[in-house]
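Remember, it's a predicted structure, so these values are computed and weren't measured experimentally. Labels below follow one simple rule: chain letters A, B, ... track the order of the sequence lines, proteins then strands, and each chain is numbered from 1.
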Amino acid sequence: MRLLIAISSKEYSEATLKIGLEIARAFKACVTIACVSPKSSSFTRDQVRLAQESMERWNFDQPAVSVLEWAFDYLKDNQFISPESCETGFQKKLLVKRAGTRGEINLEGVFCKQVNLILRFGEIISELRDEVQKHSYDVTIIGGSQKRRMAHDLVQYIDSSILVVKQIDFNKLYRVLLAVDDSKGTKKAVDFGITIAKAYKLEVDVLTVSKRQRFGSGYRGASDRACQYLEEASVKYQRHLKVGDPVETIVAMAGENHITIMGISSKNPLKKFFVGSKPVSVMGKSDSPILIVK
Amino acid sequence: MNFLRALLFWVTRSRWLIFAIVIGIILFALPTPDGLSSEAHHLIVIIIITLLLVITEPIPLPATALFIIVSLTYFGIDKPNEIAHAFMNDAVFFIMGSLMLAVAIVKQGWDARIALGIIKLTGNKTRNVVMGFTVISALLSSFIGGHTVAALMLPIGMTLVRYTSRDVEKSRGLAAILLFSIAYGALVGSIGTPSGAGRNVIMLNYLNESGIGNISYAHWMLYIYPLVIILAPLVAFILMTSFSTNYDVLDSGIRKLKVQVARAGAITFRELGGLFIFILVFLGWIFFSTRFGLGTIALTGVMLYIIFGLVKWDDINRNTHWGVIILFGATIVLGTYMRSTGAALWLANGLISLLANGAEPLGFLSDVVIITMSTAMANTLSGSATVAVLGPITLHMGDNLIHQGLLTVIASAFGFFTAVAAPVCAIIYSSGLVSAKDFFKAGWKVGLISMIILIIYANTYWRLWF
């Protein structure tokens, strides 16, 4: 399994980094920690680079390099990287030397083979999309954004599952909210939900929401299958069949004590672009972590 | 499905390109307005598309530059050879030379010497340091250019901030005051001499081509430097009232700065050589620029720095964005054809009749319009591109070419409002210590007061000279 953790600053990304690395530990996954620095306008790019070279002579790093140095210290302090990598230290020259496009530091992990720190420059969605396409990640983990467009673009254009970390409290006991319906992505979401629930010994709420009073065979069947898989995996669960607006119901039930897991919508991209989709709407409205499985 | 997703991704990322193309097609299809030649009509459409592409940057700027060059030929604005001739002139040489000179100067390591000079001058009180930063930045940027000053001064400012307090939140106000004093000081100072910024040279060329003769380096300073002297301390004062700092003295920061400076040791022969070449360039600008051009003299300086091994060509090459130089060349070509096709005159007349209802000359209102348009455009585009495109129009908005030209070029330096307005703003923004909101918080006050003072200055002091 390969995880991509996108961070932006110590202030906003501490929870994202922490939860990402805990998942990596649980799944023994290879991890790449990425910081995407906005690109300056072409008009000013060279002058900014000249000033940054001047700052480097005075031992001041670019903000993005400092963020990755903080991530390196976090990996070191929490023993995610080998003593040899700790001893080699944070080799920022590897990042800066290739900073025009993609700088990379390769570290040896303790729970997995490799931990990478990468620095990219540009617009965040484009850079993450490119990173995922070229390096085949299974899950991209990112902090929450209030922008609806950002939620849409993450789900629509990044070719991996997306975990958005919002308001997480590490002292709280979370439950998994598995939102199932007849969409194609549901099966994979259930598999993912079971793996996470087993890894962290969490209880699961299986939720199916119908807009009509009567549940169709597709919806009821999806719920039945999810419950059957959970039983086979010996995961404790509760089943909920609710009538109402799916997005509002899922968000209300998720509250602040669930990690919501749902599959990607099977609508065609054009329809999703203009009308939106359930996962995107839930991601935009929910205050708790949400994983959209692809 | 994947193709559709890829297509949608491209569409969302290129929406401004699509918008520019659609607008372009519509405008091309419209009938040519009365009083406008078809070449001028096509040129105005090319300019509108260019502005959209430059402001929103959906494609790399060099591609926009190439769009200008090829579309001028395809739409029959002029013959290919004539367009190629108009592409390179002394203003483009100057922009190229000043970008290269900036690399050469920054590589000389003058920052430590400047730091020492500021400390000696200001002592450790925050308000004196802010005043010192603003005035020194203004003074230096008049001669070596704003972005060179920002590159030299930023580490000095960051040393003071970092070593006064490690607490980022607590030192946020101090960081804003010091970094803005560098950026705004450099912006104000860049108007003081023709070599302060590329936009000044572009306007000098326009004025020269308009038949009023060459304005010498000394005359430019005589007309504009008093304004720098008025604005620089005022900017420092506005910054001190806009941001609150928890530190009245910067003892620990100053101590660290002294340690850094001590590390630099005594002045070396190499540093003296670098300074000597710059003095030669500066004297060349003052005494020979009307004869040889500012650009040629700047390039001579670069040549000397390379010959004497004071800077490597690789360093210059790495830090010079050739695509932007091509773009400046292309925007200057647009300006040239705006005049020759009559597009500039038509746009200026249209603007005047719109504002004055065609009844009377605009008079004082024309100054307000020129300053507002130039400032607004410089804050979304770039100072040089603003002067290149707007200059030919504003020169027709009154009966005193020098008055309108200088107003345009000065107001184009008022890029106080946004982090993208000018290289100096982008440089301090890249430090991560100031936010986009900070620019507006201080920028609107500095901008508004600068605009008011410019109007008063232009209608009083300039009356003594032209």
Query raised in the report: Under a 4.5 Å heavy-atom cut-off, does chain A meet the side chain of B:L99, its backbone, both or neither?
Result: side chain

Requested in this report: Could you go through the side chain to side chain contact (heavy atoms under 4.5 Å, CB included) check for A:T44 and B:Y429 one step at a time?
Outcome: CA-CA 11 Å; A:T44 56; B:Y429 183 63; over 6 Å; no

Query raised in the report: Which atom names give the shortest non-hydrogen contact between A:P63 and B:S431, and what distance separates them?
Result: CG-O, 3.5 Å

Requested in this report: For side chain to side chain contact (heavy atoms under 4.5 Å, CB included), just list the numbers for A:M55 and B:D111, CA-CA rounded to whole Å, side-chain angles, deciding distance to a tenth of an Å, and then say yes or no.
Outcome: CA-CA 10 Å; A:M55 287 207 295; B:D111 35 13; over 6 Å; no

**Report entry** Heavy-atom closest contact (B:T320 atom, A:D46 atom, distance)
**Finding:** C-OD2, 3.4 Å

Query raised in the report: For atom CH2 of A:W70, is the number of surrounding heavy atoms from other residues, nucleotides or ligands below 6.0 Å larger than 12?
Result: yes

Query raised in the report: Side chain, backbone, both or neither: which part of B:A422 has a heavy atom under 4.5 Å from chain A?
Result: backbone

Query raised in the report: With chain A, which of B:V54, B:L61, B:N319 has the greatest number of heavy-atom pairs at distances under 4.5 Å?
Result: B:N319

Query raised in the report: Taking all non-hydrogen atoms of both residues, which atom of B:F9 and which atom of A:S126 are closest, and how far apart?
Result: CZ-OG, 3.7 Å

Query raised in the report: A:E53, A:R45, A:Q52: which one forms the most heavy-atom pairs within less than 4.5 Å of chain B?
Result: A:E53

Query raised in the report: What part of A:Y157 lies closer than 4.5 angstrom to a heavy atom of chain B: side chain, backbone, both or neither?
Result: both

Query raised in the report: Are there more than 12 heavy atoms of other residues, nucleotides or ligands under 6.0 Å from atom NZ of A:K294?
Result: yes

Query raised in the report: Given a strict heavy-atom distance threshold of 4.5 Å, which part of B:L257 is in contact with chain A: side chain, backbone, both, or neither?
Result: side chain

**Report entry** Heavy-atom pair with the smallest gap, counting every atom of B:P155 and A:F60
**Finding:** O-CE1, 3.6 Å

Report task. Sequence neighbours left out, what pairs pass side chain to side chain donor-acceptor pair (under 3.5 Å) with at least one residue falling in residues 151-166 of chain B? Result -> B:S165-B:Y247

Query raised in the report: With side chains defined as the heavy atoms from C-beta onward, is the minimum distance between A:Q47 and B:V424 less than 4.5 Å?
Result: no

Requested in this report: Sequence neighbours left out, what pairs pass side chain to side chain donor-acceptor pair (under 3.5 Å) with at least one residue falling in residues 321-330 of chain B?
Outcome: B:N317-B:W322

Query raised in the report: Where does A:S37 contact chain B at under 4.5 Å (heavy atoms): side chain, backbone, both or neither?
Result: neither

Query raised in the report: Taking all atoms of both residues into account, what is the closest heavy-atom pair of A:S54 and B:V106, and its distance?
Result: CB-CG1, 4.0 Å

Query raised in the report: Between A:R129 and B:A6, what is the shortest heavy-atom contact and its length?
Result: NH2-CA, 4.0 Å

Query raised in the report: Taking B:L381, B:I428, B:V324 one by one, which has the highest count of heavy-atom pairs under 4.5 Å against chain A?
Result: B:V324

Query raised in the report: So how far is it from B:I427 CD1 to A:L50 CG, rounded to the nearest 0.5 Å?
Result: 7.0 Å

Query - Portion of B:L327 that has a non-hydrogen atom of chain A nearer than 4.5 angstrom - result: side chain

